[in-house]
Amino acid sequence: MHKFHSLLVLCLGCRYQFETGSNDQILVCVPYIKGDIQCQLNRALIREISTCDGFNYCYDSSYLLHVTILADKDEPIGYRYDRNPNNQTLRKNIVSVENRRLITAEVELIDKESNCVIIGPFRVKANADFDCINSDSLRDVAVVLPFQKPQRMIDFSLGQLDSVEGAHGDSASVVYQALARKIVEGLLTQKWQIREM
């Protein structure tokens, strides 16, 4: 514990000089992010880092961008009244038809050689809104046309609607891109603060 404390004081107490590549850019490695099963956040981060001024992606960089997903949840933001499937009259209960996916991540830039945290830790939040159908509601699950058998709503909507679970997954590319952008903005802000110390 004492050794770790001394290392932390050493990292924070000195003026840190970044090792930079061409054009004064800091080369950063982005390892696998736990919880990012399809590596969508990894890809979005690499894309953002590669297109910003001040950082660039390099697989074997001496700087490690460590990202931890702290929370990934949905909260309902849009509702409608449910209907009786027999006579289409409104029921008293309401059902969720629009959700907001919220992701919170913690970010650290680590010098691999010294194992020193250079930037962070700081937290970043991003969200994405999506429409969905309620699989508990017959009206949302099936469409009944005259003289035809019931057709699944998801098939009938030509992919415009999905279940809560499916829509949550579909929102990944949007929310991860927003999160990656905010992570890079946070890194740039703190990078310039270190340079000015």
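Everything numeric here is computed off the predicted structure, so don't read it as measured data.
A donor-acceptor pair under 3.5 Å is formed between the side chain of Lys112 and the backbone N or O of Ser61. Judged purely by atom type and a 3.5 angstrom limit, Lys191 uses its side chain to pair as donor or acceptor with the backbone of Gly54. Side-chain N or O atoms of Lys125 include none that pairs as donor or acceptor with a backbone N or O of Leu102 at under 3.5 Å.
Follow the hydrophobic side-chain contacts under 4.5 Å out from Val124 and you never reach Val174; the two are in separate clusters. Hydrophobic clustering places Phe122 together with Leu45 (ILVMFWY residues linked when any side-chain heavy atoms are closer than 4.5 Å, directly or through intermediates). Under a hydrophobic clustering in which Ile, Leu, Val, Met, Phe, Trp and Tyr are joined whenever their side-chain heavy atoms come within less than 4.5 Å, directly or via other members, Val28 and Tyr59 fall into the same cluster.
Taking both residues in full, the closest heavy atoms of Ala172 and Gln40 are given as CB-OE1, 3.4 Å, listed atom of the first, atom of the second, then distance. Nearest heavy atoms, Ala44 versus Gln177: CB-OE1, 3.7 Å. Taking every heavy atom of both residues into account, Asn99 and Pro76 meet most closely at OD1-CA, 3.4 Å.
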Intermediate values then yes/no, side chain to side chain contact (heavy atoms under 4.5 Å, CB included), Ile183 and Leu179:
CA-CA 6 Å; Ile183 287 171; Leu179 190 65; 4.1 Å; yes

Show the numbers, then the answer: is there a side chain to side chain contact (heavy atoms under 4.5 Å, CB included) between Leu41 and Ile69?
CA-CA 10 Å; Leu41 180 54; Ile69 297 174; 4.2 Å; yes

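Note that OG of Ser62 is 12.5 Å distant from CD1 of Ile110, once rounded to the nearest 0.5 Å. For the atom pair Ile103 CD1 and Asn127 CG, the distance stands at 9.5 Å (nearest 0.5 Å). Here the straight-line distance linking atom CZ of Arg47 with atom CZ of Arg181 works out to 10.0 Å at 0.5 Å rounding. In this structure, the separation between CD on Glu106 and OG1 on Thr68 is 6.0 Å, given to the nearest 0.5 Å. Rounded to the nearest 0.5 angstrom, Thr51 OG1 and Tyr57 OH are separated by 14.5 Å. With rounding to the nearest 0.5 Å, the separation of SG in Cys58 from CD1 in Ile49 is 11.5 Å.
Between Ser50 and Asn56 the shortest side-chain heavy-atom distance falls below 4.5 Å. A 4.5 Å side-chain heavy-atom check between Leu65 and Leu187 finds at least one atom pair inside the cut-off.
Asn42 pairs by the side-chain contact (heavy atoms from CB on, under 4.5 Å) definition with Val30, Ile33, Asp36, Cys39, not counting sequence neighbours. For Arg100, the salt bridge (charged side-chain N to carboxylate O under 4.0 Å, His left out) partners two or more places apart in sequence, or in a different chain, are Asp129.
Figure legend: Arg101 and Tyr176 shown as a cation-pi pair, the cationic atom lying under 6.0 angstrom from the six-membered ring centre and within 45 degrees of its axis.
Counting heavy atoms of neighbouring residues, nucleotides and ligands inside a 6.0 Å radius, atom CD of Gln38 does not exceed 12 of them.
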